[in-house]
Protein chains: 2
Amino acid sequence: MLRVPMISKIEEEVFTPRQQAVLTAALDLLVENGDGLTMTAVARRASCSKETLYKWFGDRDGLLTATVQWQAAKVRMPQVNRSGLNAKALRASIEQFARDLLTVLIGEISITLNRTAVTHAAQEKDSLGAIVLENGPMAIRRRLKPILEAGRDARLLRFDNSEDAYRTFFGLVVRDVQIRLLLGDKTLTQINVEANIEADVQTATDQFFALYGADKTQ
Amino acid sequence: MLRVPMISKIEEEVFTPRQQAVLTAALDLLVENGDGLTMTAVARRASCSKETLYKWFGDRDGLLTATVQWQAAKVRMPQVNRSGLNAKALRASIEQFARDLLTVLIGEISITLNRTAVTHAAQEKDSLGAIVLENGPMAIRRRLKPILEAGRDARLLRFDNSEDAYRTFFGLVVRDVQIRLLLGDKTLTQINVEANIEADVQTATDQFFALYGADKTQ
DNA sequence: GCAGAACCGTACCGTACGGTACGCCTGCGT
DNA sequence: ACGCAGGCGTACCGTACGGTACGGTTCTGC
C-alpha cells in the first residue's frame with residue numbers, strides 16, 4: 001500500500017495536479033451519487049487506471065480519506081480583521097463568521113462531505129468524521145474564540161467560558177438547518193435557505209449579542 | 001413484493017410480535033455494526049429465514065424503512081401539561097422539552113437512526129430521512145409550538161413567528177452536540193454529554209427566555 | 001388426524017465491486 | 001536509439017451480499 005507522503009490525519013497532504021484531478025473526479029461522483037462511489041467509476045471519470053488509484057491511495061478508504069481531506073482543507077474562510085475592536089467592528093466580525101459558517105454548511109460540498117463522514121462513522125471508522133470536524137466547526141471555533149475573548153477583554157462581551165459562548169453561537173446560527181439538509185429534507189432546499197442567509201445571519205448575531213453583549217440595553 | 005399493510009410513509013404500520021422481534025434484531029445489528037446490515041445477519045440474529053424477511057418487508061430497503069419507522073415512532077416523549085399557564089409552569093414545560101430533546105438526541109438509538117437516514121439520503125433515497133425528521137425534530141416542534149403560542153397569548157413570551165422561535169430553541173438546546181456525535185467525535189461521548197444534560201438544559205432555557213421572554217428584566 | 005399455510009434452514013444464483021495482473025503506449029533520460 | 005518508469009485500459013479473480021428456490025418442520029383450522 002504505497003501512499004503519497006502523509007504526515008498525519010490532520011496535516012495536509014501534497015498532491016500533484018494529476019492527483020488533484022483524480023480527487024476532483026472523486027468528489028464530483030460523491031456529490032452526484034452519494035457514497036455509492038466505486039473505484040471503477042472514479043478511474044473512468046478521471047481517465048486513469050484503477051491500478052494507479054491503488055498505487056496512489058492504497059485502497060478505497062484511502063481515496064475517500066484523501067478526497068475528503070483535500071476538499072475540507074480547501075474551505076478557507078476569509079480571515080477576519082481583528083485589529084479594530086470597537087463595538088461595530090466586533091459585530092461585523094461576528095456577523096461575518098455567521099455568514100461564512102452558514103454559507104459553507106449549506107453548500108453541496110459540505111453536505112456531501114458531512115454525509116460521507118457520517119456514513120463512515122457508522123462503521124467504526126471515524127477518521128473522516130475527525131477530518132470534517134477539524135476543518136469545519138473546529139476551524140471556525142479556533143478563529144472565532146480569540147475574537148470573542150478579545151471582545152470580552154474590551155468589555156464588549158460577557159461570558160464565563162468562551163467554549164460555551166462559541167457553541168451557543170453555533171447553535172444560534174445553524175439551528176436545525178444542517179441536520180435537515182443532511183437528512184434530505186425536501187422542504188428545505190439550499191436555494192430556499194440561501195435566500196434567507198442574510199436575514200438569518202442578522203437574527204443570529206442579534207441574538208448572540210442579546211445573550212452575551214455587555215451592553216444589556218441592546 | 002408482499003408487504004404488511006402500509007398506509008403511508010408516515011403512518012404507523014402494525015407489526016406482529018414476531019415481526020417486532022425481527023425489527024429489534026435489525027435495530028440491534030444497526031446499532032452494533034452501523035449500516036453494514038445484511039439480510040443474512042438479520043435472519044440469523046432473529047432466527048428466521050431470509051425468505052420470511054423478503055416476504056414481510058419486500059427487500060432490504062423495506063426492512064430498513066420498517067425498522068427505522070418502527071423505532072422512531074416509539075420515541076414518545078411524555079406529554080407536557082398545558083393547563084397551568086403561569087410563568088413557572090411555562091418555564092417548566094420548556095425545560096422539559098429541552099431535556100427530552102437532548103436526552104433523545106444523544107441516545108445510541110437516535111444516533112444510529114440518524115446515521116442510517118443520513119446514509120440513506122446520500123443515495124437519492126430520502127424516505128428514511130423524512131421518517132426520522134418527522135418523528136424527531138418535527139414531533140417535538142408540533143408539540144412545542146402550541147405551548148409557545150399559548151405562552152405568547154398569556155403575554156409570557158414575545159415573538160413574531162413561532163417557527164423561528166422553535167428553531168432558535170432547537171439551536172440553543174442542541175448546539176453542535178448532534179453533528180459531533182453523528183461524526184463520531186471522540187471528545188464528546190454520550191456519557192460525557194449525559195452528565196451535563198441538566199446544566200445544559202438550564203442554560204438553554206435561560207437563554208431562550210432571555211431572547212423571547214416578555215419580562216425583559218429576567 | 002389431516003390438509004394446507006406459515007416458516008425455518010440452507011443451498012444456490014447472479015451480480016457488483018474491491019483489488020490484482022498484464023499488455024501496451026508515451027515520454028524522458030542517457 | 002534505446003531502455004525504462006509511469007501510467008492507461010482492460011481483463012480477470014475472489015468474495016460478499018441481495019435475492020430466490022426448495023425440502024423439511026411446526027402450527028392452525030376443520
Side-chain angles (χ1 to χ4, degrees), chain A residues 1-5 13-68 116 119-120 122-125 127-128, chain B residues 1-6 13-30 32-68 116 119-120 122-125 127-128:
Chain A
M1 192 206 289
L2 286 184
R3 185 168 287 220
V4 166
E13 302 188 27
V14 178
F15 296 112
T16 68
R18 184 75 183 97
Q19 286 172 333
Q20 293 187 27
V22 170
L23 294 179
T24 302
L27 183 73
D28 288 349
L29 284 173
L30 223 48
V31 171
E32 292 170 23
N33 306 337
D35 205 8
L37 181 74
T38 71
M39 301 301 275
T40 305
V42 174
R44 187 159 36 224
R45 175 74 65 108
S47 291
C48 73
S49 70
K50 280 170 66 176
E51 194 169 14
T52 303
L53 291 184
Y54 284 102
K55 194 175 188 178
W56 285 349
F57 305 105
D59 56 7
R60 185 177 181 278
D61 231 54
L63 173 61
L64 221 52
T65 304
T67 304
V68 169
T116 307
T119 301
H120 211 244
Q123 283 136 16
E124 286 103 283
K125 299 269 195 180
S127 53
L128 293 190
Chain B
M1 192 205 287
L2 286 185
R3 184 168 286 222
V4 165
M6 167 186 277
E13 301 190 28
V14 179
F15 297 111
T16 69
R18 183 74 182 99
Q19 287 172 332
Q20 294 187 28
V22 170
L23 295 178
T24 302
L27 183 74
D28 288 350
L29 284 172
L30 224 48
E32 291 170 23
N33 306 336
D35 202 9
L37 180 75
T38 70
M39 301 299 276
T40 306
V42 175
R44 187 159 37 225
R45 175 74 66 105
S47 292
C48 73
S49 72
K50 279 170 67 176
E51 193 170 14
T52 302
L53 292 185
Y54 285 101
K55 194 174 187 178
W56 285 349
F57 304 105
D59 55 8
R60 184 177 182 278
D61 231 54
L63 172 61
L64 221 50
T65 303
T67 305
V68 169
T116 306
T119 301
H120 211 244
Q123 284 138 15
E124 288 101 285
K125 299 270 196 180
S127 54
L128 293 189

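Residue numbers begin at 1 in each chain, while the letters A, B, ... track the order of the sequences. Source: prediction; values computed, not measured.
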Checking the side chain of Gln20(A) only, and the main-chain atoms of Phe15(A) only, is there a donor and an acceptor separated by less than 3.5 Å?
yes
Could you walk me through whether Phe57(A) and Val22(A) pass side chain to side chain contact (heavy atoms under 4.5 Å, CB included), step by step?
CA-CA 11 Å; Phe57(A) 305 105; Val22(A) 170; 4.0 Å; yes
Of Val42(A), Thr116(A), Thr67(A), which is the lone residue that meets side chain to side chain contact (heavy atoms under 4.5 Å, CB included) with Leu37(A)?
Val42(A)
Evaluate the criterion side chain to side chain contact (heavy atoms under 4.5 Å, CB included) for residue pair Gln123(B) and Asn33(A); output intermediate values, then yes/no.
CA-CA 6 Å; Gln123(B) 284 138 15; Asn33(A) 306 337; over 6 Å; no
Taking the side chain as everything from C-beta on, heavy atoms only, tell me whether Arg60(B) gets closer than 4.5 Å to Tyr54(B).
no
Nucleotide-resolved protein contact map, nucleotides 8-24 of chain D, B/S/- at heavy-atom distance under 4.0 Å:
BB-------SBBBBB--
